[in-house]
Amino acid sequence: MKLSSRAVYGIRACALIATEEKTPVCLPLLAEKAELSEKYLEQILSSLVKGGVLVSTRGASGGYSLARSARDISLYDILVAVDDSFEIGCGSTLDPGCGKKCGKSCRDKSTFEAIEKQINEIFRTSSLASVAHGREDL
């Protein structure tokens, strides 16, 4: 499984924002710290605001801040906000056309559904706080 660049950068941006105490982080500073273009990062941040993960504040001291505590934001929340198609497909090469959404039955389908369920559970139970504070026990 490979996460999209939007997912990776979304998690990275949220982790950077989480390390700031209670002040909103402006886009130019976030882009510099995340080593991304402002335009691309702004698209990702907009998705995170729409998804209820971040709050955007306008004005001279404005920027982006977490919508709730980093402990209360799961990695799954971030992934769903930035990637509407976050899922794992069957990817079977033995049965072309077969996959998660095809409606056909193949020998790999149940295995990949079980794997997807376990991976989703890991993302649901892993908090942004654990990433922001550098914990490796995700």
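All values below come from the heavy atoms of this structure, side chains included, with hydrogens, waters and symmetry mates left out.
What you find for S127 and A70 is that their closest heavy atoms are CB-O, 3.8 Å. A81 and S47 get closest at one heavy-atom pair: O-CB, 3.4 Å. Y40 and S5 get closest at one heavy-atom pair: OH-OG, 3.0 Å. G10 approaches I78 most closely through the heavy-atom pair C-CG2, 3.8 Å. When all heavy atoms of L16 and T19 are compared, the pair lying nearest together is O-OG1, 2.6 Å. Closest approach of A15 to A132, counting heavy atoms only: O-CB, 3.8 Å.
No more than 12 heavy atoms of other residues, nucleotides or ligands sit less than 6.0 Å from atom CD of E32.
For the side chain to side chain donor-acceptor pair (under 3.5 Å) test, residues two or more places apart in sequence or in another chain that qualify with K33 are E20.
Distance check, rounded to the nearest 0.5 Å: OG of S69 to CG of L128 gives 9.0 Å. Note that CG of L3 and CD1 of I119 are 9.0 Å apart. Values are rounded to the nearest 0.5 Å. The OG atom of S65 sits 7.5 Å away from the CD1 atom of I17 when rounded to the nearest 0.5 Å. The OG atom of S56 lies 11.5 Å from the CG atom of L48; values are rounded to the nearest 0.5 Å. For the atom pair E35 CD and Y9 OH, the distance stands at 9.5 Å (nearest 0.5 Å). Here E42 contributes atom CD and L30 contributes atom CG; the two are 11.5 Å apart, rounded to the nearest 0.5 Å.
The shortest side-chain heavy-atom distance between Y76 and S126 does not fall under the 4.5 Å cut-off. No side-chain heavy atom of E121 sits less than 4.5 Å from a side-chain heavy atom of Q118.
Residue C14 forms a side chain to side chain contact (heavy atoms under 4.5 Å, CB included) with just one option from L54, L45, V131, V82, and that option is L54.
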Side chain to side chain contact (heavy atoms under 4.5 Å, CB included) between I11 and L75: does it pass, once the steps are laid out? CA-CA 7 Å; I11 292 170; L75 297 184; 4.2 Å; yes
Given the rule in the side chain to side chain contact (heavy atoms under 4.5 Å, CB included) test, do R68 and D77 qualify, once you have shown the distances and angles that lead to the verdict? CA-CA 12 Å; R68 34 191 207 279; D77 295 334; 2.9 Å; yes
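In the model, R71 has no side-chain atom that pairs as donor or acceptor with a side-chain atom of S130 under 3.5 Å.
Two different hydrophobic clusters hold V55 and Y64 under the rule that ILVMFWY side chains link at heavy-atom gaps under 4.5 Å.
R12 places a side-chain N or O within 3.5 Å of a backbone atom of A34 that can act as its donor or acceptor partner.
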